[in-house]
Amino acid sequence: MIGTLSAHLANARSTRSGASDNVAQHFEFATAGALSSGGTRIFGKAAVIDGDTLDVAGIRVRLEGIDAPELSQVCPSAVGGKWRCGKAAKKQLKTIISNKAIHCKRLKNDKYGRAIALCRAGGTDINAKMVASGHAWAFVKYSKSYSALEAQARSAGVGVWQKTGAMAPWAYRARRWASAEQTAPRGCAIKGNISKRGRIYHMPWSRWYRKTRIETTRGEQWFCSEKEAKAAGWRPASEG
């Protein structure tokens with residue numbers, strides 16, 4: 001195992017100057033109550049959506065600088081075969097927050113209205129812990145803050161690094177989208193399904209995507225983007 005998160009951050013300072021200091025500088029949390037969805041500080045009890053997404057005090061939060069495996073994703077196992085790395089990432093995030101009050105600093109909102117944030121559970125940097133434990137990649141397209149921690153997890157052979165060949169989640173999503181759009185109407189691969197849970201949409205990499213059948217005669221639709229689906233009144237599927 002990698003050891004404590006503090007040890008990782010200390011090592012990161014020596015292997016990549018300033019990386020951990022940059023992470024630490026993001027956190028200057030308020031001590032008052034949770035702010036509105038437009039505020040910088042978000043805190044309260046959290047529900048885990050997947051390995052890099054939380055609902056904190058009713059606000060959808062995407063953990064900044066990391067990308068966890070999708071819930072439907074599997075990775076090569078050190079003992080042979082595959083393991084459900086996407087579900088394991090969600091379980092790890094649940095373990096980290098463990099009914100603690102979550103404190104987040106919103107850096108910005110993405111185009112879907114999610115808060116892109118750095119979050120803590122007690123004294124634990126959640127974003128860093130997910131990378132250090134091998135349950136998420138450093139999302140270097142947007143931030144290099146966790147590159148040193150990813151390198152250490154890779155060297156230790158933990159989580160997704162226990163065997164070579166794990167596909168980065170952004171590559172996994174791209175592959176599933178490319179496959180789905182070949183048979184989707186107009187290449188619009190998002191499925192808008194109507195069920196007893198209401199109007200929900202499924203991305204090509206979601207757990208139930210392949211089993212979902214779209215019946216346009218019932219008002220179900222295909223969408224070209226999440227923005228389009230949300231504007232039409234559909235919400236993302238909850239994968240449990």
Are the side chains of His202 and Asn193 in contact, using a 4.5 Å heavy-atom criterion? yes
Is it true that, when you exclude Arg186 itself, more than 12 heavy atoms of the residues, nucleotides or ligands shown sit nearer than 6.0 Å to its CZ? no
Contacts satisfying salt bridge (Lys or Arg N to Asp or Glu O under 4.0 Å) that involve residues 69-83 (not counting sequence neighbours) are Glu70-Arg173
ring-ring contact (aromatic ring centres under 6.0 Å, His included) involving Trp161 - partner list, sequence neighbours excluded: Trp137
Test salt bridge (Lys or Arg N to Asp or Glu O under 4.0 Å) applied to Asp52 - qualifying residues, sequence neighbours left out: Arg62
Is the closest side-chain heavy-atom distance between Lys105 and Arg41 below 4.5 Å? yes
If you define the side chain from C-beta out and look only at heavy atoms, does anything of Lys191 sit under 4.5 Å from Phe223? no
How long is the gap from CD on Glu226 to CG on Asp110, to the nearest 0.5 Å? 9.0 Å
Are Phe139 and Val131 linked, directly or through other ILVMFWY residues, by side chains that come within less than 4.5 angstrom of each other? no
Between Ser206 and Leu71, is any pair of side-chain heavy atoms under 4.5 Å apart? no
Of all residues at least two apart in sequence or in a different chain, which pass the side chain to side chain donor-acceptor pair (under 3.5 Å) check with Tyr209? none
Linking I/L/V/M/F/W/Y whenever their side-chain heavy atoms sit closer than 4.5 Å, directly or via other members, would Leu118 and Val48 fall into one cluster? yes
Report yes or no: do Glu64 and Tyr142 form a side-chain donor-acceptor pair below 3.5 Å? no
For residues Ser147 and Val140, determine if any side-chain heavy atom of one lies less than 4.5 Å from a side-chain heavy atom of the other. yes
Taking NZ, NE, NH1 and NH2 as the nitrogens, is one of them in Lys90 or Asp50 under 4.0 Å from a carboxylate oxygen of the other? no
Quick check: closest heavy atoms across Cys85 and Val160, and the distance to 0.1 Å? CB-CG1, 4.2 Å
From Cys119 atom SG to Asp125 atom CG, the distance as rounded to the nearest 0.5 Å: 9.0 Å
For a quick test of reading the model, state the closest non-hydrogen atom pair linking Gly51 to Leu63 and the distance between them. O-CD1, 4.4 Å
Give, for atom CZ of Arg176 and atom CE of Met167, the distance between the pair rounded to the nearest 0.5 Å. 10.5 Å
Treating Gln73 as the side-chain partner and Gly86 as the backbone partner, does any N or O pair qualify as donor plus acceptor under 3.5 Å? no
4.5 Å side-chain heavy-atom contact, Pro236 and Lys230: yes
Can you give me the closest heavy-atom contact between Ala232 and Arg199, atom names plus distance? O-NH1, 4.4 Å
With sequence neighbours excluded, what pairs up with Lys163 under the side chain to side chain contact (heavy atoms under 4.5 Å, CB included) test? Pro76
Under 4.5 Å between side-chain heavy atoms, hopping through other hydrophobics if needed: is there a path connecting Trp177 to Tyr201? yes
Honestly curious: do Leu107 and Met130 fall in one hydrophobic cluster under the side-chain, below-4.5 Å linking rule? yes
Taking atom CD1 of Ile102 and atom CD1 of Ile126, what is their separation to the nearest 0.5 Å? 4.0 Å
Nearest heavy-atom contact between Ala121 and Ile96 is CB-O, 3.8 Å
Would Leu54 and Ile49 satisfy side-chain contact (heavy atoms from CB on, under 4.5 Å), going step by step from the backbone distance to the final call? CA-CA 5 Å; Leu54 299 166; Ile49 306 303; 5.8 Å; no
Take Lys227 and Lys111 through the test side-chain contact (heavy atoms from CB on, under 4.5 Å) and record every step on the way to the result. CA-CA 8 Å; Lys227 183 177 181 180; Lys111 61 183 179 181; 5.9 Å; no
What one should report as the nearest heavy-atom pair of Lys129 and Thr124 is CB-CG2, 4.0 Å
Taking Thr95 for the side chain and Lys91 for the main chain, is one N or O donor matched with an acceptor at less than 3.5 Å? yes
Hey, what do you get for CD (Glu150) to CG (Asp67), rounding to the nearest 0.5 Å? 10.5 Å
Tyr146 vs Asn127, test: side-chain contact (heavy atoms from CB on, under 4.5 Å). Steps then yes/no. CA-CA 8 Å; Tyr146 304 107; Asn127 307 47; 3.2 Å; yes
May I ask you to decide if Lys100's main-chain N or O and Ser98's side chain share a donor-acceptor pair within less than 3.5 Å? no
For residues Ser77 and Gln162, determine if any side-chain heavy atom of one lies less than 4.5 Å from a side-chain heavy atom of the other. yes
Among residues at least two apart in sequence or on other chains, which ones pass salt bridge (Lys or Arg N to Asp or Glu O under 4.0 Å) with Arg235? none
Give, for atom CZ of Arg60 and atom CG of Asn109, the distance between the pair rounded to the nearest 0.5 Å. 13.0 Å
Going by heavy atoms in the side chains, are Lys45 and Asn99 under 4.5 Å from each other? yes
Looking at every non-hydrogen atom in both residues, tell me the closest pair between Ser225 and Ile190 and how far apart they are. C-CD1, 3.3 Å
Output, in order, the C-alpha distance, side-chain angles, deciding distance and verdict of side-chain contact (heavy atoms from CB on, under 4.5 Å) for Trp234 and Ile194. CA-CA 9 Å; Trp234 264 255; Ile194 300 174; 4.0 Å; yes
